[in-house]
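This one's a predicted model, so the numbers in the text were calculated from it and none came from an experiment. Chain letters run A, B, ... following the sequence lines, proteins first and then strands; every chain starts at 1.
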2 protein chains.
Amino acid sequence: MSKIAKWLKKEQENSILTQVKNLKTENPLDTWELFEEIGDGNFGTVYKARLVAQPSVVCATKKIPLCEDEEEDIYTTELLVLSECKHQNVIKLLDCYLHVDNIFLMLEFCALGAMDSILKELDRGLDEEAIKIVTKQTLEGLRYLHKNGIIHRDIKAGNLLLTDQAIVKIADFGVSARNKNHSKKRVSHVGTPYWMAPEVIVCETVKDNPYDYKADIWSLGITILELAEMNPPGHDLHPARVLLKIPKSPPPTFLYPGKWTEQFTDFLSRCLTKDTKRRYSADQLLKHKWIASCRDNKALRMVIGEVSAPVEEKLEEQGQG
Amino acid sequence: MSKIAKWLKKEQENSILTQVKNLKTENPLDTWELFEEIGDGNFGTVYKARLVAQPSVVCATKKIPLCEDEEEDIYTTELLVLSECKHQNVIKLLDCYLHVDNIFLMLEFCALGAMDSILKELDRGLDEEAIKIVTKQTLEGLRYLHKNGIIHRDIKAGNLLLTDQAIVKIADFGVSARNKNHSKKRVSHVGTPYWMAPEVIVCETVKDNPYDYKADIWSLGITILELAEMNPPGHDLHPARVLLKIPKSPPPTFLYPGKWTEQFTDFLSRCLTKDTKRRYSADQLLKHKWIASCRDNKALRMVIGEVSAPVEEKLEEQGQG
């Protein structure tokens with residue numbers, strides 16, 4: 001193959017459509033029946049769906065209207081990342097359709113929904129053992145993603161889904177970044193720094209730094225505080241104020257330090273370290289004593305028992321009808 | 001046209017090849033004769049070339065070998081930006097070929113070469129009037145680029161070319177960025193900031209800021225110091241040291257302040273303002289008294305008279321041969 005042919009081929013491969021494996025163009029409603037709206041995301045509606053041929057098989061269907069606005073790269077990113085990922089703690093893409101004016105993502109169904117809605121239903125934060133289980137599973141998902149050069153960039157309780165088997169799945173990859181060799185690439189762009197504006201240097205330094213995946217670890221730390229206290233620190237402040245405050249302030253800590261073990265407090269501080277170099281990686285955190293002491297899912301199963309699973313009930317109702 | 005058709009079309013349009021207007025695939029050497037190597041850039045060799053049919057028409061030919069390394073987006077960026085730009089102070093792309101294993105960019109020929117080599121040849125900095133002319137023309141180019149959503153990102157004397165007609169042309173768009181609606185797009189990606197790592201906030205704040213084109217203005221300020229003093233500030237330090245120093249230090253100023261007028265010193269300080277909001281735009285700088293007092297190109301023509309134009313001489317020699 002000539003170099004031109006290779007180059008042209010590479011160009012084609014850059015087309016998002018051809019990068020998504022098994023993108024189907026038939027009508028998904030021939031195969032799946034959407035029977036209940038379960039959410040309204042940023043980029044479309046989420047339905048619960050079941051296989052027409054085998055109604056016991058359910059999925060969550062994200063229906064995204066194709067439009068020509070600029071948000072397009074958000075769902076195409078999600079499509080690409082999901083079509084590449086296979087890990088127990090990362091939401092699985094079962095099927096994917098491009099039909100008429102919509103993209104349909106058929107995603108693993110997580111009966112309990114997102115962790116933030118579980119907190120709302122409980123009307124309290126989780127206990128330390130339950131947080132530990134959620135944290136451990138999230139870290140295993142993150143370790144997988146980071147090893148594969150994917151930064152999630154939006155880790156929070158609202159993006160951690162829970163199955164009725166007490167499995168936590170990282171979802172919502174709309175703002176994720178693939179950063180394989182990203183930093184290497186960047187460096188070569190920068191050239192000599194003498195002419196560079198100070199604000200560019202600050203930003204390039206952040207982008208060039210091989211620790212950019214550590215942003216997910218910080219977000220995990222904030223998510224831990226959210227799981228413990230129902231809200232992230234600063235939730236009572238205006239977002240713009242928070243943007244100014246976080247870089248200037250020391251890392252947040254527990255509101256009631258006495259409530260939590262020393263190991264847990266230490267673990268949290270490894271996530272919420274401002275120096276990205278010193279901030280632990282997913283790998284390091286999984287070896288931390290607090291996580292290593294996690295033996296089973298019992299505490300999380302108890303949480304599941306406590307919250308009702310309304311979708312499940314509805315299914316039964318429908319079965320009766 | 002259905003939405004899918006539109007989407008597919010958009011995908012195709014994203015292919016760089018189709019975005020470059022008039023990309024030719026025939027052999028450029030049928031039309032142009034490369035007769036002299038005049039430089040060796042980061043991404044290929046630069047030749048002086050002349051039209052076979054009309055040898056008095058010359059151009060600078062950038063021959064870029066196609067390879068599968070990661071630098072590819074650098075020359076494709078240049079190709080795209082140049083194929084869109086039409087301004088007296090921006091280097092013009094006359095023709096562009098994709099042939100066998102190479103891309104050939106046929107660029108406007110600037111007989112005097114880059115401003116940094118002129119400084120070397122003079123073995124001194126320019127006087128204030130000559131700097132004023134270079135600055136004014138560069139600003140006119142920058143105003144055009146910024147209005148069209150293009151940030152050059154590598155403004156320095158080495159990327160300002162000079163014609164024998166004393167016209168300054170901005171060249172080398174390899175690291176440029178198109179940022180039309182870029183910031184608007186970004187903001188929607190960020191979402192609520194509570195979970196964001198401090199280093200991400202710092203960087204996003206830079207990227208989101210509608211003043212990112214002001215980076216070119218800072219670089220212009222440094223270029224002014226370079227034109228005046230032959231080198232950018234900090235040139236004697238290691239690049240890594242400079243990266244650390246610039247964001248922390250006050251803006252650089254002239255080494256010999258007494259040598260320059262008050263208006264010039266004030267103008268420079270408007271370029272080298274750390275707060276991007278307060279840093280002047282190209283438009284504002286063109287209205288500054290120091291620039292507004294620029295009437296003709298005489299001082300720059302005198303510089304041209306002073307430096308020899310070796311390429312011109314060679315041409316004559318060849319004409320004689």
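Note: A:Ile246 leads A:Leu225, A:Ile217, A:Ile246, A:Leu272 in heavy-atom pairs under 4.5 Å with chain B.
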Exercise. Please walk me through it: do A:Thr223 and B:Trp195 pass side chain to side chain contact (heavy atoms under 4.5 Å, CB included)?
Worked result: CA-CA 7 Å; A:Thr223 305; B:Trp195 292 264; 3.5 Å; yes
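B:Pro198 approaches A:Pro247 most closely through the heavy-atom pair CB-CA, 4.0 Å. Residues B:Ala197 and A:Trp218 approach most closely at CA-CD1, 3.3 Å, considering heavy atoms.
In this structure, no portion of A:Leu220 lies under 4.5 Å from any heavy atom of chain B. Of the atoms belonging to B:Ile155, it is backbone heavy atoms, and not side-chain ones, that fall under 4.5 Å from chain A. When heavy atoms are compared at a cutoff of 4.5 Å, A:Leu237 approaches chain B solely by way of its backbone atoms N, CA, C and O.
Other residues, nucleotides and ligands contribute over 12 non-hydrogen atoms within 6.0 Å of the NZ atom of A:Lys274.
Annotation: side-chain contact (heavy atoms from CB on, under 4.5 Å) contacts of A:Lys248 (sequence neighbours excluded): none. Applying the ring pair (Phe, Tyr, Trp, His ring centres under 6.0 Å) rule to B:Phe104 yields no partners; only residues at least two apart in sequence or on another chain are considered.
Here the rule is side-chain contact (heavy atoms from CB on, under 4.5 Å) with A:Tyr194, and of B:Pro252, B:Pro233, B:Pro232, B:Ser219 only B:Pro232 fits it.
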